[in-house]
Asker: 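Please find one structure pasted underneath; my questions will follow.
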Amino acid sequence: MAALTLFNSLTRKKEAFEPLDKNNVRLYACGPTVYNYAHIGNARMAVVFDTLTRVLRTLYPKVTYVSNITDVDDKIIAAHRETGQPIETITEKYTKIYNEDMASLGVAPPDIQPRATTHIGEMIKIIEDLIARDHAYAADGHVLFHVPSFPAYGGLSGRSRDEQIAGARVEVASYKKDPADFVLWKPSGADEPGWDSPWGYGRPGWHIECSAMSAKHLGLPFDIHGGGADLKFPHHENEIAQSCCASGHEDDLSAFAKVWVHNGFVTVEGEKMSKSLGNFTLVHDILEDYPGPVIRLALLSAHYRKPLDWTQKRLQEAQRLSEKIADIFGALDAIECDPSVTSADADILAALCDDLNTPLAFSKLNTLLSKIDLAITNPKIPHKTLAELKSILYNSTQILGIGIVDQGVKEEAVDEALQTEIEKLLTERTAAKAAKNFARADEIRDELNKQGIEIIDTPEGPNWRKT
RNA sequence: GGCGCGGUGGCAGAGUGGCUAUGCAGCGGAUUGCAAAUCCGUGUACACCGGUUCGACUCCGGUCCGUGCCUCCA
């Protein structure tokens, strides 16, 4: 069995992965704030951790994957003020869209998808614990985490407290004892969402929700905590501070999560994705033009820790690979999978186990596809071998999350009249070919090409597909 | 200013102290009535300058360039 190694942001080294409990591997990844359609960066996070989860599931009997929905946040309040829609309408709408879009990308639902607003009690409890241990204080309706009370602060991002203060560009609020202190709880106005608490009507700060939800659903410490690289500071740093200090582990940064995994950023055609540049790329829109598995392939075509430039060319290359896989499955249509073969291609699995090296895995996938193609065209290869190869390929696409075999080639609705027309022309063309009237045969090919129909001749007769 | 990351062949993108990455594109060939697909062959790649070494693209130091975070952000 291949052994998994992962780059741990906390130690800044690639380490052999050792689960705390071999019978239940537990991981948490910070999910989206639901105030808009998911963008391609959200999708990268979801796809990366889905793939990691799939790899873990092949290695361990049980995996518990928790990824949250942030449904209380100032950005949501802002969206509410802009659109006039109730908060719940906004969060429910975009949670649903997020889950649908991610499902299109082959992202399996997390085992648990907790929402911040249903964990307010757990957050208040942690805040109370922090106050009791002198790590937090109430001031002016706020509760703040007192950073100087946690000397190990900054260990994840490699940033000392002094550096943070020196680099701070925001004005320090007067109620803070220390400029680095951050909000655990803040007061809400009457028109803002809020909950009653020992410190009055208010709402949680951003970081506390992940501390509360991960502890509740996974227990501390757990194996892997993930998220986008930009969350390293301050979000994850503050999560560590809250969780370690609330549980009395002030000297051990890994008392919260053992391994920290961060995925790199996505740029769009070489530029940073931002609203001001107008290149905010939404998954919902890309799905109009490309099938989900193709988008997934494109997202995994660079190593997860490296920056990924989202380009048209990358998508087209992903489409090529996707078609190649679909073609091979098509050629193996008559072959039944061998149920005794339960594992993926060893080289692909090994690549994935090496810190989730998906580009290397795709290289091995290409090798596998060539091997199968050769086997198909070689009449000496026994049927049994083909069944085994099909199973290996199927299992490999499953672990990569590219359910191409289930989806087939993207079925575009072609109306019946056109379909009949195509069949008629193809019959005519076959007859023309038989009569060696190649001029007419080519004419028909051109005609159909113009309508976006590509003819593929096979020994069994002509096939066609939409281009 | 502080803390990080990276510079690989036309493009994308892995990797390694000495041994083919891979894909796309290109070129030559096989196959095909023509196509498509596939197969075979084909490219003095590792930013620059020093150092360590029998040997470095791979390790160390410096230079240049690019880029992320430090403020809501996946």
Side-chain angles (χ1 to χ4, degrees), chain A residues 9 12 29-33 35-36 38-49 67 70 73-76 78 154 156-160 162-171 206 226-235 237 262-267 270-275 280 297-298 301-303 305-309 311 313-314 316-321 323-324 327-328 330-331 351 354-355 357-367 369-370 372-374 376-378 432-434 436-439 441-443 445-446 449 454-459 462-465 467:
Chain A
S9 302
R12 270 158 246 183
C30 294
T33 303
Y35 66 105
N36 200 346
H39 59 246
I40 193 67
N42 293 311
R44 188 181 195 191
M45 169 264 148
V47 165
V48 163
F49 288 99
S67 187
T70 298
D73 183 276
D74 288 358
K75 291 190 293 291
I76 300 172
L156 177 65
S157 55
R159 221 178 283 261
S160 76
D162 293 341
E163 283 160 358
Q164 192 200 347
I165 296 162
R169 287 183 213 148
V170 282
E171 208 176 308
W206 171 37
D230 58 315
L231 295 182
K232 213 187 273 186
F233 185 89
H235 183 56
E237 202 70 81
H262 291 99
N263 64 274
F265 248 49
V266 180
T267 55
E271 284 188 307
K272 184 180 165 156
M273 184 164 60
S274 75
K275 280 172 186 153
F280 226 72
L297 281 170
S301 65
H303 184 82
R305 277 192 283 121
K306 292 219 170 170
L308 176 87
D309 192 26
T311 61
K313 188 165 186 285
R314 185 185 290 281
Q316 278 155 6
E317 286 200 14
Q319 179 126 45
R320 294 279 305 201
L321 179 56
E323 281 165 6
K324 207 160 149 180
D327 285 349
I328 291 286
D354 183 10
D355 195 29
N357 192 337
T358 50
L360 186 60
F362 289 146
S363 148
K364 302 301 183 187
L365 178 62
N366 268 305
T367 307
L369 290 171
S370 298
I372 295 175
D373 200 79
L374 277 177
I376 290 170
T377 48
N378 185 346
K433 277 172 66 180
K436 304 251 184 250
N437 183 359
F438 296 123
D442 289 349
E443 206 175 277
R445 179 194 291 285
D446 289 344
N449 264 340
E454 185 188 11
I455 299 174
I456 302 138
D457 285 324
T458 73
N463 250 328
W464 62 272
R465 68 175 174 200
T467 51

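Only this structure's heavy atoms are used, side chains among them; waters, hydrogens and symmetry mates stay out. Each chain gets a letter, A, B and so on, in the order its sequence line appears, and its residues count up from 1. All values reported here derive from a predicted model rather than from experimental measurement.
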Asker: Which heavy atom in A:Arg12 sits nearest to a heavy atom in A:Leu156, and how many Å separate them?
Answerer: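 That would be NH2-O, 3.3 Å.
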
Asker: Rounded to whole angstrom, note down the C1' distance from B:rC49 over to B:rC40.
Answerer: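 Pairwise C1' distance, B:rC49 against B:rC40, rounds to 43 Å.
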
Asker: Side chains of A:Glu443 and A:Asn437, heavy atoms from C-beta outward: is any pair under 4.5 Å?
Answerer: no

Asker: With sequence neighbours left out, what residues match A:Arg305 under salt bridge (charged side-chain N to carboxylate O under 4.0 Å, His left out)?
Answerer: A:Asp355

Asker: Report yes if a side-chain nitrogen or oxygen of A:Lys364 is closer than 4.0 Å to either non-bridging phosphate oxygen (OP1 or OP2) of B:rG23; otherwise report no.
Answerer: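 It does not, given that no N or O in the side chain of A:Lys364 lies less than 4.0 Å from OP1 or OP2 of B:rG23.
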
Asker: May I ask you to say what A:Thr377 touches in the nucleic acid, namely base, sugar-phosphate or nothing, with a heavy-atom cut-off under 4.0 Å?
Answerer: nothing

Asker: Determine the Euclidean distance between corresponding P atoms of B:rA30 and B:rA35; express it in Å to zero decimal places.
Answerer: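 Rounded to whole Å, the distance is 12 Å.
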
Asker: What contact category does A:Val48 fall into here, base, sugar-phosphate, or nothing, at under 4.0 angstrom with non-hydrogen atoms?
Answerer: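 No contact.
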
Asker: When the distance from CG of A:Asp230 to C1' of B:rC72 is rounded to whole Å, what number comes out?
Answerer: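 Between C1' of B:rC72 and CG of A:Asp230: 10 Å.
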
Asker: In whole Å, I'd like the distance from the NZ atom of A:Lys232 to the C1' atom of B:rA74.
Answerer: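 These atoms are roughly 14 Å apart.
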
Asker: Name the stems that RNA chain B belongs to, where each is three or more consecutive Watson-Crick or G-U pairs with both distances under 3.5 Å?
Answerer: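 Stem segments, range with range: B:1-7 with B:64-70, B:10-12 with B:22-24, B:26-30 with B:38-42, B:47-51 with B:59-63.
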
Asker: Scan A:Leu365 against the nucleic acid and name what it touches under 4.0 Å (heavy atoms): base, sugar-phosphate only, or nothing.
Answerer: nothing

Asker: Take atom C1' in B:rU31 and the same atom in B:rG66, then report the distance between them in whole Å.
Answerer: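 Taking atom C1' in both B:rU31 and B:rG66, they lie 46 Å apart.
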
Asker: All N/O contacts under 3.5 Å from nucleotides 11-17 of chain B to the protein, with atom names and distances to one decimal?
Answerer:
| unit_1 | atom_1 | unit_2 | atom_2 | d |
| --- | --- | --- | --- | --- |
| B:rA12 | O3' | A:Arg314 | NH2 | 3.2 |
| B:rG13 | OP1 | A:Arg314 | NH2 | 2.6 |
| B:rA14 | OP1 | A:His303 | N | 2.6 |
| B:rA14 | O3' | A:Asn357 | ND2 | 3.0 |
| B:rA14 | O2' | A:Asn357 | ND2 | 3.4 |
| B:rG15 | OP1 | A:Asn357 | ND2 | 3.3 |

Asker: Using the P atom as the point on both nucleotides, what is the distance between B:rC11 and B:rG18, in whole Å?
Answerer: 26 Å

Asker: Can you check the A:Gln316 CD to B:rC24 P distance for me, whole Å?
Answerer: 14 Å

Asker: Please give the distance between the P atoms of B:rC39 and B:rU22 as a whole number of Å.
Answerer: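 Per the computed distance, 13 Å lies between those P atoms.
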
Asker: Looking at residues at least two apart in the chain, or sitting in another chain, which of them share a salt bridge (charged side-chain N to carboxylate O under 4.0 Å, His left out) with A:Lys232?
Answerer: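 A:Lys232 satisfies salt bridge (charged side-chain N to carboxylate O under 4.0 Å, His left out) with no residue once adjacent residues are dropped.
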
Asker: Starting the side chain at C-beta, find the nucleotide from B:rG23, B:rA21, B:rC69 nearest to A:Lys324.
Answerer: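 For A:Lys324, the side-chain atoms sit closest to B:rG23.
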
Asker: Checking contacts here: which listed nucleotide (B:rA36, B:rA74, B:rU38) is nearest the side-chain heavy atoms of A:Ile456?
Answerer: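 My answer, after comparing the listed nucleotides, is B:rA36.
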
Asker: Can you list everything that forms a side-chain hydrogen bond (donor to acceptor under 3.5 Å, both in side chains) with A:Lys324? Sequence neighbours excluded, please.
Answerer: A:Asn366

Asker: Just so I know, are the side chains of A:His235 and A:Cys30 near enough to count as touching, which here means a heavy-atom distance under 4.5 Å?
Answerer: yes

Asker: Base, sugar-phosphate alone, or nothing: which one does A:Gly228 contact when heavy atoms must sit under 4.0 Å apart?
Answerer: sugar-phosphate

Asker: Would you mind telling me which residue lines up with the more 5' stretch of RNA chain B, A:Gly31 or A:Phe362, judged by nearest nucleotide?
Answerer: A:Phe362

Asker: Between P on B:rG4 and CG on A:Leu156, what's the gap in Å once rounded to a whole number?
Answerer: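 Rounding to the nearest Å, CG of A:Leu156 and P of B:rG4 are 12 Å apart.
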
Asker: Take atom C1' in B:rU20 and the same atom in B:rC3, then report the distance between them in whole Å.
Answerer: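 Result for the C1' pair: 40 Å, nearest Å.
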
Asker: Strictly below 4.0 Å: does A:Thr33 bring a side-chain N or O up to OP1 or OP2 of B:rC72?
Answerer: no

Asker: Please report the distance, rounded to the nearest Å, between CG in A:Leu321 and P in B:rU22.
Answerer: 15 Å

Asker: Stacking between A:Phe265 and B:rA74, defined as ring centres under 5.5 angstrom apart with planes under 30°, is that present or not?
Answerer: yes

Asker: So does A:Gly270 get a backbone contact from the side chain of A:Asp309, meaning a donor-acceptor N/O pair under 3.5 Å?
Answerer: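 Pair found, side chain donor or acceptor close to backbone of A:Gly270.
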
Asker: Atom NZ of A:Lys75 and atom P of B:rU71: how far apart are they, to the nearest Å?
Answerer: 15 Å

Asker: Check the interface with nucleotides 26-33 of chain B: list each N/O to N/O pair with the protein under 3.5 Å, or write none.
Answerer:
| unit_1 | atom_1 | unit_2 | atom_2 | d |
| --- | --- | --- | --- | --- |
| B:rG33 | O6 | A:Arg429 | NH2 | 3.3 |
| B:rG33 | N1 | A:Asp442 | OD1 | 2.9 |
| B:rG33 | N2 | A:Asp442 | OD1 | 3.0 |
| B:rG33 | N2 | A:Asp442 | OD2 | 2.5 |

Asker: Taking the P atom in each of B:rA47 and B:rU16, what is the distance between them to the nearest angstrom?
Answerer: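 It works out to 16 Å between them.
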
Asker: To the nearest 0.5 Å, what is the distance between CG (A:Asp457) and CH2 (A:Trp464)?
Answerer: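 The distance works out to 15.0 Å.
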
Asker: Quick check: do A:Leu321 and A:Leu369 have side-chain heavy atoms less than 4.5 Å from each other?
Answerer: yes

Asker: For A:Arg320, which contact category applies under a 4.0 Å heavy-atom criterion: base, sugar-phosphate, or nothing?
Answerer: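 Sugar-phosphate, backbone atoms only, no base.
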
Asker: B:rA74 base to A:His39 side chain: any donor-acceptor pair below 3.5 Å?
Answerer: yes

Asker: Say you pick atom C1' in B:rG17 and the same atom in B:rC46; how far apart are they, in whole Å?
Answerer: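 Taking atom C1' in both B:rG17 and B:rC46, they lie 14 Å apart.
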
Asker: Do the side chains of A:Met45 and A:Ser67 get nearer than 4.5 Å, heavy atoms only?
Answerer: yes

Asker: Please confirm whether the shortest side-chain N or O distance from A:Trp464 to OP1 or OP2 of B:rA36 is below 4.0 Å.
Answerer: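 A:Trp464 to B:rA36 OP1/OP2: no side-chain N or O under 4.0 Å.
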
Asker: Give the intermediate values and the outcome of side-chain contact (heavy atoms from CB on, under 4.5 Å) for residues A:Ser301 and A:Arg314.
Answerer: CA-CA 8 Å; A:Ser301 65; A:Arg314 185 185 290 281; 2.7 Å; yes

Asker: Closest heavy-atom contact between A:His39 and A:Met273?
Answerer: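 Scanning both residues completely, I find the closest heavy atoms to be CD2-CE, 3.5 Å.
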
Asker: Which distance, rounded to the nearest 0.5 Å, do you find between the OG1 of A:Thr358 and the CG of A:Leu365?
Answerer: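 Nearest 0.5 Å value for the OG1-CG distance: 11.5 Å.
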
Asker: So if I take every side-chain heavy atom of A:Asn42 and compare against B:rA37, B:rC39, B:rA74, which nucleotide ends up nearest?
Answerer: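 Selected nucleotide: B:rA74.
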
Asker: Using whole Å, what does the distance between atom C1' of nucleotide B:rC72 and atom NE2 of A:His235 come to?
Answerer: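 Those two atoms, NE2 and C1', are 12 Å apart.
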
Asker: Round to the nearest Å and state the distance from A:Tyr35 atom OH to B:rC73 atom C1'.
Answerer: 7 Å

Asker: Testing the basics here: between A:Ala29 and A:Phe49, what is the closest heavy-atom pair and its distance to 0.1 Å?
Answerer: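 Result for this residue pair: CB-CG, 4.0 Å.
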
